[in-house]
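Below, all heavy atoms of this structure are taken into account, side chains as well, without hydrogens, waters or symmetry copies. Note that the structure is predicted; figures quoted are calculated from it, not measured.
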Amino acid sequence: MRNSEKKCHCFLILSLLLPFYSHIVVSSKKLLTPKKPCNRLVLYYHDILYNGTDVGNATSAKATNASKFGNNNSFGLMVIFDDPVTKDQHLLSPAVAKAQGFYFYDKKDSYNAWFAYTLVFNSSEHKGTLNIMGADLMGEKTRDLSVVGGTGDFFMTRGIVTFETEEVQGIKYFRLKMDVKLYECY
């Protein structure tokens, strides 16, 4: 068989198989409907920063000091947290999850933070975790972070968490409303 005949046969075989393989890929791909989440939770994140005297109440602590670099006196400050998450705005309501992770201030000219944390659920309603990370552009009214996975009831899920700051009491306490919208649920 000549070289040109081999090329022609290979092209013919590929052109016959391509529609079959593209059908498999298209039929196995899960369609996302970004306008309608498959699961949605509205939760409240409470952070109480340790000030050196309140070990019993604090839920977070500075892991590094700020660098004093730029106009933002918090640039470089990292905070590790184990914060309660509730279904309502009240700090003393029963926790439905724990937010465990860290954030650090990463913009030298203004206050922005970068979060990486896990929501750990262990209740009669939900068991498992949601892994969340992304930039918290604190100057915006609402900010979206990515849900990059999960376990248990949230196995391999993906979606977004919309932050909205509800209350700030200096550097001691803040509360975020978290609107969790999951678009890939198994």
Path from Leu91 to Leu43 over hydrophobic side-chain contacts below 4.5 Å: no
Aromatic centroids of Tyr105 and Phe75 separated by under 6.0 Å: no
Partners meeting side-chain contact (heavy atoms from CB on, under 4.5 Å) with Lys98 (sequence neighbours left out): Asp82, Gln100
Asn39/Phe154 under side chain to side chain contact (heavy atoms under 4.5 Å, CB included): CA gap, chis, key distance, verdict: CA-CA 9 Å; Asn39 196 352; Phe154 307 104; 4.0 Å; yes
Worked verdict on Met138 versus Thr165 for side chain to side chain contact (heavy atoms under 4.5 Å, CB included): CA-CA 8 Å; Met138 296 165 71; Thr165 304; over 6 Å; no
Rounded distance [0.5 Å steps], NZ in Lys181 versus OG1 in Thr157: 13.0 Å
Which residues share a side-chain contact (heavy atoms from CB on, under 4.5 Å) with Ile80, sequence neighbours left out: Ala63, Met78, Phe102
Least distance between heavy atoms, Ala95 atom then Pro84 atom: CB-CB, 4.3 Å
Transitive ILVMFWY side-chain link Tyr183 to Val148, under 4.5 Å: no
All side chain to side chain donor-acceptor pair (under 3.5 Å) counterparts of Lys62, not counting sequence neighbours: none
Those residues that, when tested against Thr151, pass side-chain contact (heavy atoms from CB on, under 4.5 Å) (two or more places apart): Thr129
Thr59-His46 side chain donor-acceptor pair, cut-off 3.5 Å: no
Pairs satisfying disulfide (SG to SG under 2.5 Å), at least one member in residues 36-65, at least two apart: Cys38-Cys185
Partners meeting side chain to side chain donor-acceptor pair (under 3.5 Å) with Tyr117 (sequence neighbours left out): none
Residue pairs passing the salt bridge (charged side-chain N to carboxylate O under 4.0 Å, His left out) test where at least one lies in residues 142-154, sequence neighbours excluded: Asp136-Arg143
Heavy-atom closest pair, residues Phe115 and Tyr103: CE2-CD2, 3.7 Å
Give every donor-acceptor pair under 3.5 Å between a side-chain atom in residues 47-55 and any protein atom, sequence neighbours left out.
residue	atom	partner	partner atom	Å
Asp47	OD1	Ser60	OG	3.1
Asp47	OD2	Ser60	OG	3.2
Tyr50	OH	Gly52	O	3.1
Asn51	OD1	Thr53	N	2.9
Asn51	OD1	Thr53	OG1	2.9
Asn51	OD1	Asp54	N	3.4
Asp54	OD1	Asn51	N	3.0
Asp54	OD2	Lys172	NZ	2.1

Phe163/Ile132 under side chain to side chain contact (heavy atoms under 4.5 Å, CB included): CA gap, chis, key distance, verdict: CA-CA 12 Å; Phe163 276 3; Ile132 299 163; 5.5 Å; no
CA sep, side-chain torsions, deciding dist, call: Leu41, Leu119, side chain to side chain contact (heavy atoms under 4.5 Å, CB included): CA-CA 12 Å; Leu41 305 163; Leu119 282 179; over 6 Å; no
Distance (rounded to the nearest 0.5 Å) between Leu145 CG and Ile160 CD1: 9.5 Å
Taking every non-hydrogen atom, the tightest pair across Trp114 and Ala135: CD1-N, 3.7 Å
Those residues that, when tested against Asn122, pass side chain to side chain donor-acceptor pair (under 3.5 Å) (two or more places apart): Lys127
Hydrophobic cluster (4.5 angstrom, side-chain heavy atoms) - remaining members for Val42: Tyr44
Spacing of Asn131 atom CG and Thr118 atom OG1 [to the nearest 0.5 Å]: 4.0 Å
Single-linkage hydrophobic cluster, 4.5 Å side-chain cutoff, Leu137 and Val161 together: no
Selection residues 83-94 - residue pairs positive for salt bridge (charged side-chain N to carboxylate O under 4.0 Å, His left out), sequence neighbours left out: Lys87-Glu125
Same apolar cluster: Tyr111 and Leu176, side chain cutoff 4.5 Å: yes
Set of residues satisfying salt bridge (Lys or Arg N to Asp or Glu O under 4.0 Å) with respect to Glu167, sequence neighbours excluded: Arg175
Same apolar cluster (I L V M F W Y, side chains within < 4.5 Å links), Val147/Val96: yes
